[in-house]
Amino acid sequence: MRYSQYYIPTLKEVPKEAEVMSHKLMLRSGMIRKLSSGVFTYLPTGLRSLNKVSQIVREEMNRAGACELLMPMVQPRSLWDETGRWEQMKGVLLQFQDRKGSDFCLGPTHEEVITDLVRGELRSYKDLPKTLYQIQTKYRDEIRPRFGLMRGREFLMKDAYSFDRTKEDTFKSYEVMREAYKKIFSRCGLQFRPVLADSGDIGGSLSHEFQVLAHTGEDRLLSCTKCDYCCNVEVHNGKNQCPQCRGELEELRGIEVGHIFYLGTKYSEKMKAFFIDEDNKEKPFEMGCYGIGIGRTIAAAIEQNHDEKGIKFPKALAPFEVVLINLDPEDVKTSEKAEELYQYLVKHKIDVLYDERKERPGIKFNDADLMGIPLHIVLGKRGLQNQKISIKNRFTGGSSEVELSHIEKKILESLK
RNA sequence: CGGGGUGUAGCGCAGCUGGCUAGCGCACCUGCUUUGGGAGCAGGGGGUCGGAGGUUCGAAUCCUCUCACCCCGACCA
């Protein structure tokens with residue numbers, strides 16, 4: 001991508017609406033803009049990051065045997081009346097009517113729709129287990145949207161739903177998802193903890209949150225210093241001792257980016273979603289549901305990884321892997337070399353942003369730092385006279401001068 | 001919803017105890033000079049002061065209502 005053709009409106013100053021770091025930096029780096037409270041436009045670089053997270057999630061879901069589908073955002077009241085949640089969730093449901101006066105809502109979650117979908121179609125125990133998922137925009141009319149993408153009203157979420165024959169089978173599906181979640185957040189380059197949690201409003205009796213560790217996190221966690229036990233402080237055992245190994249618990253702060261629940265038959269019973277079991281009897285599906293906030297994951301990554309200059313994106317989430325900074329775009333030789341390198345990177349399918357703007361060096365360096373692009377390749381007239389190009393790693397801060405003849409090899413190595 | 005706060009140019013702000021033509025920094029446009037970490041000088045464009053109503057000879061400024069946004073609380077991915 002050529003910078004001058006791209007749309008990256010960076011800001012020198014922080015809009016006063018932003019209070020937390022991730023929100024400030026996403027606005028400043030031109031990733032998002034607010035349309036209304038809790039409702040955001042993803043600009044090109046923001047969308048790139050969003051798509052990177054989505055793709056990682058998609059790959060791991062598929063690997064775990066889940067099947068992707070896409071459900072509607074607009075949902076009829078009738079489904080919500082079946083579970084009683086039309087009234088129960090009135091607070092967060094954005095309800096409205098169509099031209100005929102029928103009631104609808106924008107989907108804040110999809111238990112009703114998915115259960116409705118399968119109840120006519122998964123008929124036999126032989127059809128089970130099944131896990132279905134989607135990556136889709138949710139709308140929750142939050143009481144108080146805040147902190148940019150951390151808590152929006154409209155947000156992109158991956159939601160998966162498992163259907164099993166027995167409770168024991170559901171625990172297996174649940175475990176598969178738990179492992180998939182660990183892979184997802186590891187691949188995102190994040191420090192996180194799976195945390196024993198309260199199951200909240202969705203219902204069910206077993207749940208884990210996936211918390212990205214950050215001092216600015218809203219959730220307080222108790223993590224064992226000896227074993228892998230970690231729980232939300234909301235789960236009060238009243239003790240400061242690990243229930244698994246009696247080790248000491250330390251308090252950490254986290255941002256909830258994922259949550260998995262065992263639902264049981266809560267929805268399947270109410271919605272009469274039955275399958276025929278081996279004994280020829282109708283039984284309600286045993287269900288689980290599994291969410292990941294895609295946008296929130298990006299915000300959490302920024303909370304966890306930034307410095308005074310801007311974002312320090314893990315490579316997996318960065319909008320671009322490489323920024324190629326041409327310091328002397330008016331100089332023919334420099335531009336020829338830069339163009340050659342740009343084409344080389346494009347050919348090798350590396351996400352590269354080629355900064356060929358007629359701007360001063362400081363502006364280019366600062367924009368690259370602000371956006372958090374992991375690898376900076378800087379070439380200018382001065383360096384080329386000595387046959388040198390410099391490479392800088394935004395994450396480690398290290399930089400080196402590389403011989404012109406080795407530059408391609410060196411770049412590919414640096415990206416590993 | 002309860003409590004607190006803010007709305008003046010694209011962004012950040014000053015002006016607000018009633019008075020001239022509404023200002024500053026950044027950004028933007030033109031020209032010259034600069035050019036390896038957010039350049040300098042000179043010139044220039046951009047505002048129904050969130051909206052409505054009121055008080056007054058006169059309102060960004062005072063009063064009433066309203067809307068939007070932000071922060072603290074309950075909620076959540």
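On a predicted model such as this, the values are computed, not experimentally measured, just so you know. All chains are named by letter (A, B, ...) in the order of the sequence lines, taking the proteins before the strands, and each is independently numbered beginning at 1.
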Can you list every pair that meets ring-ring contact (aromatic ring centres under 6.0 Å, His included) and has a residue in residues 299-318 of chain A, with sequence neighbours left out? none
side-chain hydrogen bond (donor to acceptor under 3.5 Å, both in side chains) filter on A:Asp159, not counting sequence neighbours, yields A:Gln134, A:Lys138, A:Tyr161
Distance between C1' atoms of B:C63 and B:U17 (Å, rounded): 16 Å
For B:C28, the nucleotide meeting Watson-Crick or G-U wobble distances (both under 3.5 Å) is B:G44
What is the separation between atom CG on A:Asp355 and atom C1' on B:G38, rounded to the nearest whole Å? 13 Å
Report the distance from atom CD of A:Glu154 to atom C1' of B:A77, rounded to the nearest whole Å. 14 Å
Which residues pass the salt bridge (charged side-chain N to carboxylate O under 4.0 Å, His left out) test with A:Glu248, sequence neighbours left out? none
Assess the residue pair A:Gln55 and A:Arg58 against the criterion (side-chain hydrogen bond (donor to acceptor under 3.5 Å, both in side chains)); give the C-alpha distance rounded to whole Å, side-chain angles, the decisive distance to 0.1 Å, and a yes or no. CA-CA 5 Å; A:Gln55 191 52 30; A:Arg58 182 173 284 126; 3.1 Å; yes
Spell out protein contact along nucleotides 22-37 of chain B as letters: B when the base is contacted, S when just the sugar-phosphate is, - when no protein heavy atom is under 4.0 Å; keep the 5' to 3' order. ---BSS------B-BB
When the nearest nucleotide of RNA chain B is assigned to A:Gly258 and to A:Pro15 on a heavy-atom basis, which residue is associated with the more 5' position? A:Pro15
Same-atom distance (C1') from B:G18 to B:C24, integer angstrom: 24 Å
Output all residues satisfying salt bridge (charged side-chain N to carboxylate O under 4.0 Å, His left out) with A:Lys182, sequence neighbours left out; order by chain, then residue number. A:Glu179
Atom-pair distance (CD on A:Glu218; P on B:A77), nearest Å: 13 Å
Mate of B:C57 across any strand shown (Watson-Crick or G-U wobble, both atom pairs under 3.5 Å) is B:G19
Between A:Asp351 and A:Lys315, does at least one N-O distance fall below 4.0 Å, as a salt bridge requires? no
Give the table of side-chain donor-acceptor pairs shorter than 3.5 Å for residues 22-33 of chain A, with sequence neighbours excluded, one pair per line with atom names and distance.
| from | atom 1 | to | atom 2 | distance (Å) |
| --- | --- | --- | --- | --- |
| A:Ser22 | OG | A:Glu303 | OE2 | 2.8 |
| A:His23 | ND1 | A:Gly148 | N | 3.4 |
| A:Arg28 | NE | A:Leu11 | O | 2.9 |
| A:Ser29 | OG | A:Leu25 | O | 2.7 |
| A:Arg33 | NH1 | A:Leu27 | O | 2.7 |
| A:Arg33 | NH2 | A:Pro9 | O | 2.7 |

As its Watson-Crick or G-U partner within any shown strand, both distances under 3.5 Å, B:C49 has none
Would you kindly compare A:Thr10 and A:Gly291 by the position of their nearest RNA chain B nucleotide and give the one closer to the 5′ end? A:Thr10
Determine the Euclidean distance between corresponding P atoms of B:U8 and B:G15; express it in Å to zero decimal places. 14 Å
Quick check on contacts: within residues 335-344 of chain A, what sits under 4.0 Å from RNA chain B by heavy-atom distance? none
If I take atom CZ from residue A:Arg153 and atom OH from residue A:Tyr139, how far apart are they, to the nearest 0.5 angstrom? 3.5 Å
What interatomic distance, in whole Å, is found between P of B:G36 and the corresponding atom of B:G31? 22 Å
Got a list of protein N/O to nucleotides 67-71 of chain B N/O distances below 3.5 Å?
| from | atom 1 | to | atom 2 | distance (Å) |
| --- | --- | --- | --- | --- |
| B:C69 | OP1 | A:Ser36 | OG | 3.2 |
| B:C69 | OP1 | A:Ser37 | N | 3.0 |
| B:C69 | O3' | A:Lys34 | NZ | 3.2 |
| B:C70 | OP2 | A:Ser37 | OG | 2.9 |

Whom does B:G7 pair with, Watson-Crick or G-U wobble, provided both distances fall under 3.5 Å? B:C67
To the nearest Å, give me how far apart OH (A:Tyr3) and C1' (B:G38) are. 12 Å
Roughly how many Å is it from CZ in A:Phe210 to C1' in B:C76, rounded to a whole number? 17 Å
Per the ring-ring contact (aromatic ring centres under 6.0 Å, His included) rule, what does the pair list look like for residues 318-337 of chain A, sequence neighbours excluded? A:Tyr6-A:Phe320
Taking the same atom, C1', in B:A22 and in B:C65, what whole-Å distance lies between them? 26 Å
Rounded to the Å, how far apart are A:Leu190 CG and B:A77 P? 18 Å
Test: salt bridge (Lys or Arg N to Asp or Glu O under 4.0 Å). Region: residues 11-21 of chain A. Which pairs qualify, not counting sequence neighbours? A:Glu17-A:Lys34
Output side-chain donor-acceptor pairs under 3.5 Å for residues 404-414 of chain A, partner residues at least two apart or in another chain, one line each.
| from | atom 1 | to | atom 2 | distance (Å) |
| --- | --- | --- | --- | --- |
| A:Ser414 | OG | A:Lys410 | O | 2.7 |

Rounded to the Å, how far apart are A:Glu234 CD and B:A74 C1'? 12 Å
Please report the distance separating the C1' of B:C72 from the corresponding atom of B:U34, rounded so that it comes out in whole Å. 50 Å
Counting only Watson-Crick pairs (N1-N3 plus N6-O4 or O6-N4) and G-U wobbles (N1-O2, O6-N3), all under 3.5 Å, who is the partner of B:C1? B:G73
ring-ring contact (aromatic ring centres under 6.0 Å, His included): which pairs involve residues 352-405 of chain A, sequence neighbours left out? A:Tyr342-A:Tyr354
Between B:A68 and B:C29, how many Å separate the two C1' atoms, rounded to a whole number? 32 Å
Hey, is A:Lys158 close enough to A:Glu60 for a salt bridge, meaning N to O under 4.0 Å? no
Between A:Phe155 (CZ) and B:C76 (C1'), how many Å, whole number? 8 Å
